[in-house]
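Order of listing sets the numbers, starting from 1, for every ligand and every atom in it.
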Amino acid sequence: MRIAVCPGSFDPITLGHLDIIRRAAKIFDEVIVLVSINPAKNNCSFTTEERIHLIEKTIAGMDHVRVDSTDGLLADYLREKGACAIVKGLRAVSDFEYEFQMSLANKHLNPEAETIFFTAAAENMYLSSSIVKQIASFGGDISEFVPACILDEIKSRLLRK
Ligand code: PNS
């Protein structure tokens with residue numbers, strides 16, 4: 001049983017995340033989408049419960065994919081679940097240095113776990129949760145960036161009052 005973890009802030013989940021999750025699900029027996037704490041992002045727009053809810057709606061009907069959250073170290077979570085891989089998407093070169101550092105830290109903390117990078121699809125190269133939030137807060141069109149089933153929820157939640 002090969003379990004992979006797709007960790008992230010998911011504030012909120014985007015089509016870029018969904019693409020990586022779908023691709024991971026083709027390779028692994030089970031994929032856990034893990035809402036985790038990024039100490040560098042301390043002003044999340046959505047609560048952990050809201051982010052989990054949006055992910056649940058997004059992955060509904062996807063076989064062997066589920067969502068969970070942790071407020072601890074990713075390396076410990078993998079050990080606890082017997083997961084063998086951390087799957088992340090790489091967009092541009094600018095992602096690389098930080099992701100490389102994280103993968104080395106996680107390898108040190110849990111030598112059993114491998115970090116695997118999927119290159120982002122061309123159409124998602126510039127897509128991020130921050131971009132989505134900024135466009136939505138000004139009432140712009142985010143329908144190309146987030147799953148259709150959660151579009152209205154994200155729009156109404158983020159529109160500036
Ligand atoms: O979507 P993000 O914000 O780029 O995801 C980063 C995240 C949440 C995966 C990363 O910050 C993380 O793994 N947080 C949990 C704490 C941890 O294990 N940190 C890495 C060891 S230094």
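With hydrogens and angles ignored, the 3.5 Å screen pairs no side-chain donor or acceptor of N124 with any backbone N or O of A120. Checking side-chain atoms of D11 against main-chain N and O of S45 turns up a donor-acceptor pair under 3.5 Å. Remark: side-chain polar atoms of S36 are not paired, donor with acceptor, to backbone N or O of T70 under 3.5 angstrom.
Neither Y77 nor I55 shares a network with the other; the hydrophobic side chains, linked directly or stepwise wherever heavy atoms of I, L, V, M, F, W or Y lie under 4.5 Å apart, form separate groups for each. No path of Ile, Leu, Val, Met, Phe, Trp and Tyr side chains, each step under 4.5 Å between heavy atoms, connects M125 with F145, placing them in separate hydrophobic clusters. Put simply, I86 and F118 are part of two different groups of oily side chains (I, L, V, M, F, W, Y) that touch within less than 4.5 Å, one to the next.
Among all protein heavy atoms, the one lying closest to atom 4 (O) of ligand 1 is K41 NZ, 3.8 Å. Remark: minimum distance from atom 20 (C) of ligand 1 to any protein heavy atom is reached at M102 CE, 3.6 Å. Regarding atom 5 (O) of ligand 1, its nearest protein heavy-atom neighbour is G8 CA, 3.5 Å. When only non-hydrogen protein atoms are considered, atom 17 (C) of ligand 1 lies nearest to L73 CD2, 3.7 Å.
With salt bridges taken as basic N to acidic carboxylate O contacts below 4.0 Å, one links R79 and D76.
Between I32 and the choices V67, V87, D68, the side chain to side chain contact (heavy atoms under 4.5 Å, CB included) rule is met once, by D68. Between E30 and the options K81, R2, R66, a salt bridge (Lys or Arg N to Asp or Glu O under 4.0 Å) holds for only R66.
Taking every non-hydrogen atom of G72 and a distance limit under 4.0 Å, the qualifying atoms of ligand 1 come out as 15 (C), 16 (C).
The residue from A105, S128, P7, S130 that puts a heavy atom closest to atom 22 (S) of ligand 1 is A105. Comparing A75, C44, P39, S9 against atom 2 (P) of ligand 1, the shortest heavy-atom distance belongs to S9.
The shortest N/O to N/O separation between S36 and ligand 1 does not fall below 3.5 Å. Among the atoms of L74, some N or O lies under 3.5 angstrom from an N or O of ligand 1. Residue N38 has at least one nitrogen or oxygen atom sitting less than 3.5 Å from a nitrogen or oxygen atom of ligand 1, judged on distance alone. Note: no N/O pair closer than 3.5 Å links E99 and ligand 1 by distance alone.
Residue I37 touches ligand 1 through its backbone alone, judged by heavy-atom distances below 4.0 Å.
Every heavy atom of A40 sits 4.0 Å or more from the atoms of ligand 1.
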